[in-house]
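Worksheet: the structure to be examined is printed underneath.
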Amino acid sequence: MHALVERLYPLCRSITGDGVRATLDIVGEYIPLRVHEVPTGTQVLDWTVPQEWNIRDAYVADAAGDRVVDFRASSLHVLGYSLPVSRTMPLSELRAHLHTLPEQPSLVPYRTSYYKPDWGFCLAQETLDALPDGEYEVRIDSTLADGHLTYAEHVIPGQVPDEVIVSCHVCHPSLANDNLAGVAVATYLARALARTTPYYTYRFIFAPGTIGAITWLARNAERIDRVKHGLVLACAGDSGDLTYKRSRRGDAEIDRVLRHVLTASGRPHTVNEFTPYGYDERQYCSPGFDLGVGSLSRTPYAGYPEYHTSADDPDFVSPEAMADTLAVCREAFAVLDRNRTYTNLSPYGEPQLGRRGLYDALGGRSDTKQAQLAMLWVLSLSDGGHSLLDVAERSGLPFDAVAGAADALHGAGLIKA
Amino acid sequence: MHALVERLYPLCRSITGDGVRATLDIVGEYIPLRVHEVPTGTQVLDWTVPQEWNIRDAYVADAAGDRVVDFRASSLHVLGYSLPVSRTMPLSELRAHLHTLPEQPSLVPYRTSYYKPDWGFCLAQETLDALPDGEYEVRIDSTLADGHLTYAEHVIPGQVPDEVIVSCHVCHPSLANDNLAGVAVATYLARALARTTPYYTYRFIFAPGTIGAITWLARNAERIDRVKHGLVLACAGDSGDLTYKRSRRGDAEIDRVLRHVLTASGRPHTVNEFTPYGYDERQYCSPGFDLGVGSLSRTPYAGYPEYHTSADDPDFVSPEAMADTLAVCREAFAVLDRNRTYTNLSPYGEPQLGRRGLYDALGGRSDTKQAQLAMLWVLSLSDGGHSLLDVAERSGLPFDAVAGAADALHGAGLIKA
Amino acid sequence: MHALVERLYPLCRSITGDGVRATLDIVGEYIPLRVHEVPTGTQVLDWTVPQEWNIRDAYVADAAGDRVVDFRASSLHVLGYSLPVSRTMPLSELRAHLHTLPEQPSLVPYRTSYYKPDWGFCLAQETLDALPDGEYEVRIDSTLADGHLTYAEHVIPGQVPDEVIVSCHVCHPSLANDNLAGVAVATYLARALARTTPYYTYRFIFAPGTIGAITWLARNAERIDRVKHGLVLACAGDSGDLTYKRSRRGDAEIDRVLRHVLTASGRPHTVNEFTPYGYDERQYCSPGFDLGVGSLSRTPYAGYPEYHTSADDPDFVSPEAMADTLAVCREAFAVLDRNRTYTNLSPYGEPQLGRRGLYDALGGRSDTKQAQLAMLWVLSLSDGGHSLLDVAERSGLPFDAVAGAADALHGAGLIKA
């Protein structure tokens, strides 16, 4: 996964343009993608698909012709969606277009201006402080023109058309934790799931933040009812503990599954309530949709000093952290995928498990077995109102033991889904 | 407010009679009052309006003719609703009619006998202990006869006929915290509200305890449905921390508002569950009405040693404490009055705030603004099931910020009430 | 009660057979019992009544003819439901039929094989270790043949046909805490209740574990709706603190009553959530019935080292512990039996208690009386949605005071059941 992050890192992504396409091309080498191109001007919910932005070069050069700010060094150096410019101007005039982080003077900030026409450069405060007054050549070789918004999907068919969506944003340029780690974990999660025959259909969405999720929602309005659960992946690779942010519902099944898996695994972690800011869970959980979509991060949105700066580079994310995030996703989907609500077909008294070969025949042995306990719990709570996750949480037994007991009881015809 | 307390203090109030009328006359100098007179014998719910009691003078005089207990010194000296008496009797016979507080020997207790015909005097144990045996002249110049029960209302019309009632008792004689402080705070609260154009109609009720509230309820049966919220004010001026007692419902909007305001203000305070004793919240919250009426006090009912004694005098209440009680009432009604439940008219995805001038155009700035957060929260929770107070509590944002965001969104046509 | 335990202790009980009959004969000397005999082969819910097992003698004798394991010394020495056997075999072959507790080498375990045909002996590990190799005479003089399953009921008629069941198992052989203490407490509880005229009808069930409760449920399917509450008694005599295990519902009235009584009494105790293993609450609480049946024990099921061993003898249970268990049962049933939900017939404002002689006439006395508070609480909460137990818990008043207030108010015609 770290190699994928490193490969994607130099590309200049934005909410539209060839940087997104190049990103999806590379992801497409790992998992097959269906790429969608949505024309500029398309009405999507309350929004309109904007013009497409592309950039080839940009710099500020001093009187000697030396580039003192150079897009070729980092895609962060240009204000996202900058209009083209080619002028010479004194530093005093240029300053209004320069963005720095005075409190983190060695870092380059990440800035965009998608919806207000503007141009600008981002640079370290230290760099700015070292610039002598005088005339500078300012050049941004960009185009903002009718084109398309690009996003992609990867679908793993399940036994039922009900869907689980996994969504990550692909609109941030050279930032590693804040989007590339999520892209990498999603990609490898898709590869892992593709080797199974899951119960649910899993749909992976790689789309630019906000406008991309809104575009996807607008174009899938008629199938939204199929989306039963979902997870937004972001900030998936830093060294912090895992953080799960609940869906707006707060008690959706995905919320309960993540809490259970994080707790049962013994990992230090945090579970936060929903807030209407962050990543695209904002859109999936908007009150009209109100989907059961949570968000898994390590250190969450805006919670680390490297956030939205040049310090969020590939060194900031680790293979171990991404592997851990991936492992939790797999554990969570393993639970989600097996979590079913059964009805006991022999609910009056306990059914005689012994004659069905499901019970230790020699009564009174002190080593009561977890599998037998799990069967009793499943029988007791299978009244149509408790899922296997409910059984696991109420009994304190591992979900796997409970699901295994349910399989055995289902095989014996004692419960039905 | 303290001047009003001092002015009202000497009057001999009871559940009927000229003391109540004189009190309402004085309050009427501050705010216009509509005074109601309800004849003796009128059936009010399970009760009957009693005979009217008036008193001109009362004393116990020793053999030398000196008044050893004198109504002119304090209205507390006479058992409330004492029948007229004019006799001479030995101390030994008189004792059965003398009420003291043996454990607070310097204080005069407050006693009444509204519904059992009786007469008596209240005095300090020390005074009683100093009385020599012998004959005493005992005289109570009172009348108990058919007349009226008196109460008053002050109404501030609102934008809607839905009402908030503010109720305080006016039946206690020379006691400062236990009713006069509440009368004073209610009076000044009415004056403050009258300078606004509130959403709700505010009705202030000045009535004798129990029988007065019961009379008001009986005579307003057909309009009770309009009463949406209410607050009983009592013990409003002592130096203790504020105490809010919840309505019988426990989670009425007034309960949530008071808890929120007291907590948000940082004041030390206590919130108590409803109990079916105390002041007239007992009547408003009786199960047949079950109104959303709580009670605001400082040290609550019977919770201080000066309670129902001559020590509850104007020195026991302070201008600062009454001002603080008044301030909380105003803060609470400011929240209550603006607390509305909205519906997001653009609930599918976030509406594009930027093109409506509601969002900072330059993405990525680290100083996320409270106002923008508040708008996102209002949009997220405005599904018809969450009030602005819900939004404030769930978001942790100040109610004012949330209400301001709602105003902006309402102005932009994004939400409707 | 301890004498009853000692008398029942030597009998060899099992899920069928003459040991159960002899046990019920003795209990029948204390309280009249209706004994039921259900033929082998009868279908009961998912189960079938098994063949009846009886045993007269059993032993393992060494070459000298000395009994090294002897049923006459303890009924635990034979594996319950052992098939008849009469053979001589070397110790090496015999070992597969010998059951010990290697970690408690001086104790004899309790083992059964009801549904898998087998035979065997239980003995102390120390005894086994001392046996020399060689030939042993092995003899079990038992019969397993068509017959009956035996259980008994004792009914105390109440004012209503709604029933409270008290159930204990009678299938364990020489074990004192694990069934005889429960049998003794149930017997004396029935005697105590029979001296009263309870509101509910109380039905005591003495039946073999699992199959007995299932048989009772199967034969009483049409009257199950009458069972409103119930209690399973087991492990009722050891020196541990009391443990109440909630019904599957978790908040059934019996659950709330036991929690209230145990808490109010000040006894150290534990209240556990329902689990689908333990005693016959498993059957009564199976999801098809889901009765409000909890279980009262001292140290619960399998929670003490003497459990299911020869150390669970009459010395392990004490008269004091059984008396304490009995006292709690009586306190709990006293609450349950009086717990009613009333409706206030004068719910608009407080009714005037004074003119009905229910209220202290002299207002303002500082000694507010518990009885008056209790009346106000009952009036306030009697809206058809709160029981007297709710009133007691919400007011913090003793249940007896609340129930007494309800009686007074009922007598005055102010509330109706």
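All chains are named by letter (A, B, ...) in the order of the sequence lines, taking the proteins before the strands, and each is independently numbered beginning at 1.
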Check: A:E350 side chain, C:Q283 main-chain N or O, donor-acceptor pair, under 3.5 Å: no
CD (C:E103) with more than 12 external heavy atoms under 6.0 Å: no
Distance-minimising heavy-atom pair for A:G349 and C:S286: N-OG, 2.7 Å
Top contributor to chain C interface from A:R355, A:R394, A:Q352 [non-hydrogen pairs under 4.5 Å]: A:Q352
Smallest separation among heavy atoms of C:W47 and A:P351, with atom names: NE1-C, 3.8 Å
Which portion of C:F274 sits near chain A, non-hydrogen atoms under 4.5 angstrom: both
Atom pair CG (A:L345) and CG (C:D46), whose distance is rounded to the nearest 0.5 Å: 11.0 Å
OH-OG distance between C:Y277 and A:S380, expressed to the nearest 0.5 angstrom: 11.0 Å
Side-chain heavy atoms of C:I214 within contact of A:Y348, under 4.5 Å: no
Interchain contact, A:L381 with chain C, by part (heavy-atom threshold 4.5 Å): both
C:L217 versus chain A, the contacting section by heavy-atom distance below 4.5 Å: neither
A:R330, CZ atom: more than 12 neighbouring heavy atoms under 6.0 Å: no
